[in-house]
Each structure stands twice: as C-alpha cells, then as structure tokens.
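Have a look at the structure below, then the notes.
All values reported here derive from a predicted model rather than from experimental measurement. Note: hydrogens, waters and symmetry copies are ignored here, and every other heavy atom, side chains too, is used.
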Amino acid sequence: MQLRYNYRVYPDVSQRRALANAFGCARVVWNDCLRDRNEAHAARLPYVKSAELSRRRITQAKRTEERAWLADVSAVVLQQSLRDLDTAYKHFFDSLNGTRKGRRVAPPRYKSKKDTRQSIRLTTTAFSLQENGTVYVAKVGNIKVKWSRSLPVAPTSLTVTKDSSGRYFMSFVVNTERDILPDLDTEVGIDLGLSTFAVLSDGTRISTPKFLRRAEKKLKRLQKGLSRKTEGSKNRAKARIKVARQHARVADRRRDWHHKASTQIIRDNQAVYVEDLAVSGLARTRLAKSVHDAGWSAFVSMLEYKAVKHGRYFGKIDRFEPTSQVCSACGTKDGPKPLRVRQWTCQECGAVHDRDDNASKNALAAGRADRLNASQSAGKTKTKVPAQRVEAGSHRDGRTTAAGIPGPQAGEHVNLCR
C-alpha cells in the first residue's frame with residue numbers, strides 16, 4: 001500500500017527564496033496551460049494535449065524573454081505542475097460522466113500568488129536523501145529536516161509545501177507492505193456526537209476535546225487586532241500570520257488527537273462500524289462550529305485507511321438507519337426523538353436506554369448485517385478506500401495514502417497510525 005510521511009523542514013533564507021521562485025514558476029505554468037485549454041474550448045477547438053502544452057509553455061517559453069526565468073527552477077517542478085493539471089481535468093471529466101463517485105468536482109481554476117498555501121511536487125530525479133540528514137532538492141540545495149521517524153523504504157515522490165502560517169513541510173510517498181495486526185474476536189459500533197465525541201457499543205465513551213472552543217478567546221483577540229490593521233500594510237500581513245499560526249495549532253492538536261483515538265480503536269477491535277454522517281449538511285446548521293471542531297470526517301477517514309493498513313474490517317452504515325429510534329434490546333421502532341431526549345424507555349419491553357449507547361449498539365448490529373450481506377456477494381462488488389487528502393499531491397485513484405504526524409523525538413521510528 002501507499003503511505004505518506006510528513007516532516008517539518010527549516011530552509012534558510014536563500015532556500016526560502018529559491019522555493020518561492022519554484023512555487024511561482026509552477027503556478028505560472030499551471031495558469032498558462034489552463035488558459036490555453038480554456039481558450040481552445042471557448043473557440044470550439046480540439047482539447048490541447050499535454051505534449052503540446054509542454055512544448056509550448058515549458059520548452060519554448062524558456063527561450064523567450066518574457067518567461068526566461070522558468071529556467072531558474074528544476075524542469076521536474078514544471079512538468080509535475082502540468083501533470084497535476086491533467087489530473088485535475090481527469091477528476092473533472094470523470095465527475096461529469098459519472099465514473100467518479102461523490103460530490104461534483106469543479107473544473108480547474110487559476111492559481112494566485114496570494115493563495116495562502118503553495119506547493120511543488122518532485123520525482124526521484126529531482127531530490128535525494130543525504131547522509132547528513134538533509135534532503136537535496138534540485139536548484140534549491142540541501143534543506144534541513146526534522147526527522148521525527150525514519151522512512152521504511154526509499155520514497156517515490158516528494159511534495160514541498162508552505163502553509164498559511166509560513167511553515168514548510170516535506171511529504172514523502174512510499175510503497176510499503178501492510179502492517180497486519182493479530183486477529184481479535186471483538187467488534188464495535190460507534191455513535192459520533194457533539195457533547196460526547198464517540199460512544200462505543202462496548203460502553204466506552206470518548207469526551208469531546210473542543211480544541212477550537214478552547215482557543216476561541218485567543219483567536220478573538222488576534223482576529224480583532226487583524227481587523228484593525230490597514231489593508232495591504234506590513235502590520236496586517238504580520239497579524240494575519242499570527243491568526244494563521246493559532247489556527248494551525250488548533251488543527252495540529254485535533255489531528256494528533258484523532259490519530260491517537262482512531263489507532264486505539266483499530267488496535268482493540270477486529271471490525272469497526274460507524275454511521276455515514278452528512279457532515280456537509282450539518283455544517284450548514286446552527287451547530288456548524290461544533291461540527292467543524294469535532295472533525296468527524298477526518299476521524300472516519302483515519303479509521304478507514306488504518307483498518308486497511310492493519311488488516312481490520314471497516315464498515316459504514318447508511319446515514320438513514322434509525323439507530324436512535326430502534327430499541328437495541330427488542331428491535332421495536334419507537335419513532336424519532338428530539339436531541340434534548342438523552343434517555344428513553346421502550347414501550348414494548350420496558351428497557352431504559354441511553355440515547356448514545358443505544359445508537360452505538362444499533363450501529364454494531366446494522367454493520368454486522370451489512371457485512372454478512374457483503375460476504376455473500378463477495379467477488380461481485382469492490383470497495384475502494386479513498387486516498388487521504390491531508391497533503392498536496394495525494395493520489396485519489398483508489399490507492400491508500402496516509403498523512404503522518406511528527407513524533408516526540410528526532411530519530412525515533414513512529415508508525416503513521418498513532
């Protein structure tokens with residue numbers, strides 16, 4: 001399977017300038033090629049092939065006075081930018097003709113130098129790992145890396161990213177074997193919520209950490225200071241970075257907590273069943289901030305790829321399954337209940353249920369039933385695990401990738417699944 005290892009890097013001043021040039025050149029090639037295809041489409045001309053774009057917007061453009069500075073960066077960066085554009089078009093076309101599942105994918109858009117996130121992608125011909133612990137990037141130099149864990153095998157590609165808070169990261173993609181855990185007899189159903197993040201069918205309750213709520217006071221102060229700065233001033237740029245860094249801290253803490261909780265669940269259970277929640281719909285309600293703070297989608301995605309990595313079974317039950325309306329003891333459907341009802345008594349058997357505990361038990365039962373039906377139709381259907389989207393350059397063609405979190409000590413080997 002394919003995994004992604006992420007590391008914090010610390011380029012010096014000259015290397016940051018070289019990376020800024022690489023980000024800009026990759027962006028220009030993307031925009032030039034996208035403009036050619038849009039103009040051809042508007043003129044009802046044939047779709048411009050990648051080979052023609054490469055010759056026109058990379059090879060020939062370097063010889064012109066207007067684009068001569070494209071030669072200052074590695075040619076691999078420019079070619080990979082064109083390949084990323086081809087991938088974006090493929091996702092758009094696949095979404096139009098129905099071969100790509102999920103929400104409709106929009107056509108590629110132009111990139112701006114004001115985008116808070118910049119990235120370049122490199123193949124093995126444009127980077128190498130040095131013996132002194134640095135990573136050589138073509139026409140940038142040897143960049144210092146904070147090695148929180150060692151790579152299991154030689155990487156196949158590298159993505160260098162600058163986030164909105166000004167931090168730099170290197171993301172290596174490696175092809176490795178799955179880490180299969182010993183089989184267990186335990187299975188668990190999970191009910192996700194806001195007051196309690198997750199309730200497991202075995203009685204375990206995971207409290208909601210509320211990272212964003214806990215940081216709101218400081219965020220409010222920083223955002224108030226940002227709003228008082230003059231548009232376009234250097235002080236406003238500094239204030240924006242302070243706000244971005246605080247948001248990055250919140251996101252990092254949430255992601256680290258998700259990794260630890262999801263890994264513990266996968267290691268302790270042979271099969272995990274969770275409800276397929278409509279997060280995008282809930283994010284448009286009055287509970288939007290709490291829904292985003294919980295990060296259900298990221299947590300479920302971690303459960304999914306870690307189950308594949310460790311040889312566990314992961315199942316999603318239908319979002320319309322009435323887990324909160326059915327008695328887990330006798331199976332009687334008691335009708336919908338408002339969120340303020342946390343306990344209820346079954347009118348048929350008299351069992352007293354906690355709303356979340358009952359829902360997790362029903363999720364376990366529904367997941368087992370779906371798994372039985374799936375095993376009976378084995379070989380007739382296939383389920384692909386979507387790739388992780390944490391880092392730029394992740395493939396979404398059914399191959400599983402994972403985003404790593406730096407470990408506590410440099411040089412220590414830490415599994416991606418925490």
Side-chain angles (χ1 to χ4, degrees), residues 184 186-211 213 254 257-283 285-307 312-346 348-349 351-374:
L184 299 173
T186 56
E187 297 182 353
V188 69
I190 302 176
D191 177 68
L192 298 176
L194 295 177
S195 57
T196 302
F197 178 78
V199 177
L200 280 57
S201 57
D202 60 4
T204 304
R205 305 177 77 89
I206 303 176
S207 301
T208 304
K210 298 181 180 180
F211 294 106
R213 296 286 186 181
R254 183 189 298 115
W257 185 83
H258 280 164
H259 271 288
K260 293 175 180 177
S262 58
T263 298
Q264 190 65 42
I265 292 174
I266 290 297
R267 286 178 175 172
D268 293 345
N269 299 279
Q270 184 64 30
V272 177
Y273 309 100
V274 63
E275 184 178 2
D276 184 17
L277 296 173
V279 178
S280 59
L282 292 171
T285 66
R286 61 184 179 84
L287 302 174
K289 182 178 289 187
S290 297
V291 170
H292 287 304
D293 193 10
W296 290 331
S297 294
F299 179 73
V300 172
S301 297
M302 289 179 185
L303 287 174
E304 190 170 6
Y305 87 77
K306 290 178 182 180
R312 303 305 201 200
Y313 180 86
F314 175 85
K316 285 184 180 180
I317 64 174
D318 190 83
R319 64 183 56 173
F320 299 108
E321 187 74 24
T323 55
S324 298
Q325 304 178 27
V326 177
C327 173
S328 59
C330 66
T332 301
K333 187 175 181 179
D334 205 16
K337 303 167 186 63
L339 288 176
R340 65 176 180 271
V341 178
R342 308 313 303 173
Q343 284 190 346
W344 57 281
T345 302
C346 177
E348 187 69 22
C349 65
V352 179
H353 296 293
D354 177 87
R355 182 192 185 99
D356 297 331
D357 288 334
N358 180 73
S360 63
K361 293 176 182 178
N362 286 330
L364 175 61
R368 285 174 171 172
D370 290 342
R371 184 181 183 183
L372 179 61
N373 294 334

Between [X] and [Y], what is the shortest heavy-atom contact and its length?
| X | Y | result |
| --- | --- | --- |
| Ala288 | Ala283 | CB-O, 3.1 Å |
| Cys327 | His353 | SG-NE2, 3.0 Å |
| Asp354 | Asp356 | OD2-N, 3.1 Å |
| Arg319 | Ala278 | NH1-CB, 3.3 Å |
| Ala307 | Phe314 | CB-CB, 3.6 Å |

Would you say the side-chain atoms of [X] pair up with the backbone N or O of [Y], donor to acceptor, closer than 3.5 Å?
| X | Y | result |
| --- | --- | --- |
| Arg355 | Lys337 | yes |
| Thr285 | Leu287 | yes |
| Ser201 | Lys361 | no |
| Lys306 | His259 | yes |
| Ser360 | Asp357 | yes |

Interatomic spacing from [atom1] in [X] to [atom2] in [Y] - rounded to 0.5 Å:
| X | Y | atom1 | atom2 | result |
| --- | --- | --- | --- | --- |
| Leu184 | Arg267 | CG | CZ | 12.0 Å |
| Leu192 | Ser297 | CG | OG | 9.5 Å |
| Glu187 | Gln270 | CD | CD | 8.0 Å |
| Phe299 | Leu277 | CZ | CG | 11.5 Å |
| Arg205 | Ser195 | CZ | OG | 7.5 Å |
| Gln343 | Asn358 | CD | CG | 11.0 Å |

Is there a side-chain contact between [X] and [Y] in this structure, where contact means two heavy atoms from C-beta onward sitting under 4.5 Å apart?
| X | Y | value |
| --- | --- | --- |
| Ile317 | Thr323 | yes |
| Leu194 | Trp296 | yes |
| Leu303 | Ile266 | yes |
| Leu200 | Ile206 | yes |
| Thr186 | Asp268 | no |
| Asp370 | Lys316 | no |
| Glu321 | Val326 | no |

Practice task
Apply the side-chain contact (heavy atoms from CB on, under 4.5 Å) test between Val274 and each candidate in Ile190, Asp191, Ile265, Val188; give the one that qualifies.
Solution key: Ile190
Problem - His258/Phe211 aromatic ring centres below 6.0 Å - result: no
Practice task
Please determine if Arg371 forms a cation-pi arrangement with Tyr273, meaning its NZ or CZ atom is less than 6.0 Å from the six-membered ring centre and no more than 45° off the ring axis.
Solution key: no
